[in-house]
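Residue numbers start from 1 in every chain, and the chains themselves are labelled A, B, ... in the order their sequence lines are given, proteins ahead of strands.
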2 protein chains.
Amino acid sequence: MTLKNIDQLFQASLAQSDLSAKQKAVLQASLMLFAEKGFERTTTRDIATLAQVSEGTVYKQFKTKQQILDAILQPFITQVFPQAANEFIAELTARPVTSLHAFIQFIVYDRINFGLTNQKQLKVLVQQLLDNGRLLAELGRVFDKVLQGPVKSILDQLQRQGELVNWSHARIFRHIISTVLGYVLPIIILPIADPDVEKITAEATEFLYAGLHQKKA
Amino acid sequence: MTLKNIDQLFQASLAQSDLSAKQKAVLQASLMLFAEKGFERTTTRDIATLAQVSEGTVYKQFKTKQQILDAILQPFITQVFPQAANEFIAELTARPVTSLHAFIQFIVYDRINFGLTNQKQLKVLVQQLLDNGRLLAELGRVFDKVLQGPVKSILDQLQRQGELVNWSHARIFRHIISTVLGYVLPIIILPIADPDVEKITAEATEFLYAGLHQKKA
DNA sequence: TTTTAGTGAGTGAACACTCACTTATAATAT
DNA sequence: ATATTATAAGTGAGTGTTCACTCACTAAAA
C-alpha cells in the first residue's frame with residue numbers, strides 16, 4: 001500500500017515518535033495553521049484551541065514556538081520526503097521503461113498529483129524555504145539520493161539508447177521539476193479550484209519530451 | 001538610458017510621488033527590512049531607526065504597517081514591473097529577430113541578469129505572493145500585456161516561419177519563465193555567491209530551444 | 001497666522017511563555 | 001488484588017515584554 005498523501009506519511013512518522021496523543025495533536029494542528037496563516041501569524045493559543053488542549057500542554061513538550069516548527073519540518077525532511085521519494089521510485093521500477101515519452105509522462109502525472117493532493121503542506125515548506133536556505137540544501141540531498149537510485153539506471157539506459165540527451169541527470173531533473181512547478185505552484189498559490197490535470201500533464205509532457213529527447217545527428 | 005536595477009526603478013517611482021524626503025526614506029528602509037527579515041519580523045521601530053525618523057513620522061503618512069507594504073508593492077506591480085517589461089520590450093525590438101535561438105538566448109540572458117541584480121526585491125515579492133494570491137493575478141496581467149505588445153508580433157513571425165511551435169503565447173512564456181526561475185530561484189534562496197551566468201544561460205537556452213522549436217514533419 | 005510635517009514618550013492589546021496546581025499513569029509495597 | 005507512592009501529563013490563570021499605533025506638542029513651511 002502506497003501513501004500518496006503527505007498527511008498519512010506525516011501521521012505515520014508521528015506514530016513512530018514517542019509523543020503522547022495530545023502532543024501529536026499539537027503538531028497536527030500546528031501544521032494546519034502554519035499552512036493556512038503562516039508561522040508568524042499563528043498564535044500558540046490558536047494551536048492549543050485547534051488541538052483541543054491547554055496552552056500549557058503545548059509548552060510541556062516544546063519549549064518554544066520555533067521548536068514546534070522544527071519538530072514539523074524535521075520529519076518532513078528526514079522521513080516524509082525520503083518516504084515519498086521511495087514510493088515514487090517503487091512505482092517507477094514497477095513499470096517497465098518502455099520509452100522516454102512514457103517515462104516523462106509518468107513522472108509529470110505522478111508529481112502533479114502529488115503536488116495537488118498536498119497543497120497545504122507544500123505551502124508551509126515553500127514559506128520556510130524562503131528564510132531558511134538550509135532546508136533547500138537538505139531537500140537537494142533528497143533529490144540526489146533519488147537520482148542515485150533506480151532513476152539513475154533508467155536514465156542511463158535511455159541515454160545509451162540515444163533517446164535521452166546526454167546531459168547530467170541533475171540538469172535533466174532540474175528541467176523536469178521546473179516545468180512541473182511552473183504548473184503546480186500557480187495552482188497552489190491562487191488557488192485554482194479545478195485544475196485540468198490531463199491537459200496540464202499533456203502540455204508539460206509534450207514540452208519536456210521535445211526538450212529532452214535526443215535529436216538524430 | 002535603461003534602468004536594469006529595480007532599486008533605481010523604485011526610486012524613480014518614489015520621485016514621481018508627492019511624498020516628503022522622510023516618507024520616501026521610510027519606504028526605502030521598509031523595503032530593505034522586509035527583504036531581509038520578512039514583513040512580520042520587521043517592527044515599525046526598526047523602520048523608523050533605519051530611516052532615521054521618529055516612529056510618529058512613520059505613522060503620519062501610513063496609517064498601518066500593512067499600508068507601508070501596500071505602498072511598496074503597488075508601484076512594484078503597477079510601475080516597476082511594467083517599466084521593466086517596457087525596457088525589456090524596447091531592447092527586444094531594438095534588435096532584429098534573427099532566429100528563435102537568438103530570441104530565446106536574449107530573453108534568458110536578460111531575465112537571469114534582471115533576477116540576479118534584484119535578488120532582495122524579488123524575495124519580498126515571492127514572500128508576499130505566497131499569502132496574497134491577488135498579487136500573482138496582477139502579475140499575470142502584466143505578463144499578458146507584454147505578450148500583447150511587440151512580443152506578440154515576434155512570436156507570430158517565428159511561428160509563421162515554422163521555427164516556433166504553434167502553441168499559445170501564454171504557454172510558451174510559461175515554459176520560458178519556469179525554466180529561468182528553475183535556475184534563478186535557488187540562487188536567490190541559498191544564496192549562491194558566484195553563479196556562472198554564462199553556463200546557466202547556455203543550459204537554459206539549449207533546453208528551451210529544443211523544447212520550443214518546430215520539428216520538421 | 002494657518003496648515004502641514006515631524007517628534008517621542010506613552011498606551012492598550014496581544015503574544016510567547018511560566019508556574020502552582022490537578023489529574024492520570026505507572027511502579028512498588030502490603 | 002489493593003493501597004501507597006512516585007512520576008509524568010495536563011491545566012489555565014497569570015506575567016513580562018514586545019509591538020503597532022496614538023497624541024499632545026514642537027518645528028517648519030506656506
Over 60° means perpendicular and under 30° means parallel, so classify the ring planes of B:His175 and A:Phe207, tilted if in between.
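Parallel: the ring planes of A:Phe207 and B:His175 meet at under 30°.
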
Decide if atom NZ of A:Lys145 counts as having more than 12 heavy atoms of other residues, nucleotides or ligands within a radius under 6.0 Å.
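Atom NZ in A:Lys145 is not crowded, with 12 or fewer foreign heavy atoms closer than 6.0 Å.
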
Choose from D:dT11, C:dC17, C:dG6 the nucleotide whose nearest atom is closest to any side-chain atom of A:Lys65.
C:dC17

When rounded to the nearest 0.5 angstrom, what distance separates CZ in A:Phe173 from CG in A:Leu155?
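It comes to 6.0 Å.
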
Short side-chain N/O contact to C:dT18 OP1/OP2 from A:Lys63, under 4.0 Å:
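The answer is no; no side-chain N or O of A:Lys63 sits under 4.0 Å from OP1 or OP2.
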
Give a yes/no answer on whether the side chain of B:Ser54 brings an N or O atom under 4.0 Å of OP1 or OP2 in C:dT7.
yes

Describe the nucleic acid contact of [X] in one word from base, sugar-phosphate, nothing, applying a heavy-atom distance below 4.0 Å.
X       : result
B:Thr57 : base
B:Lys60 : base
B:Val58 : nothing

In A:Gln66, A:Gln67, A:Gln74, the residue satisfying side-chain hydrogen bond (donor to acceptor under 3.5 Å, both in side chains) with A:Asp70 is A:Gln66

Any side-chain donor near an acceptor of the partner, [X] and [Y], under 3.5 Å:
X        : Y        : value
A:Thr49  : A:Asp46  : no
B:Tyr183 : B:Glu203 : yes
A:Glu55  : A:Thr44  : yes

If you define the side chain from C-beta out and look only at heavy atoms, does anything of B:Leu212 sit under 4.5 Å from B:Trp167?
yes

Look at the side chain of A:Lys63 and the backbone N and O of A:Lys60, then say whether any donor-acceptor pair between them is shorter than 3.5 Å.
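Confirmed, A:Lys63 side chain pairs with A:Lys60 backbone.
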
Please report the distance, rounded to the nearest Å, between [atom1] in [X] and [atom2] in [N].
X       : N      : atom1 : atom2 : value
B:Gln23 : C:dT4  : CD    : P     : 15 Å
A:Leu69 : C:dA16 : CG    : P     : 13 Å
A:Tyr59 : C:dC17 : OH    : C1'   : 5 Å
A:Glu55 : D:dA9  : CD    : C1'   : 17 Å
B:Lys22 : D:dA29 : NZ    : C1'   : 14 Å

For DNA chain C, which residues in residues 24-50 of chain B have a heavy atom at a distance below 4.0 Å?
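Of all residues in residues 24-50 of chain B, none places a heavy atom under 4.0 Å from DNA chain C.
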
Are there runs of at least three consecutive Watson-Crick or G-U pairs touching DNA chain C, with each pair's two distances under 3.5 angstrom? Give them by first number.
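DNA chain C forms these stems: C:1-30 with D:1-30.
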
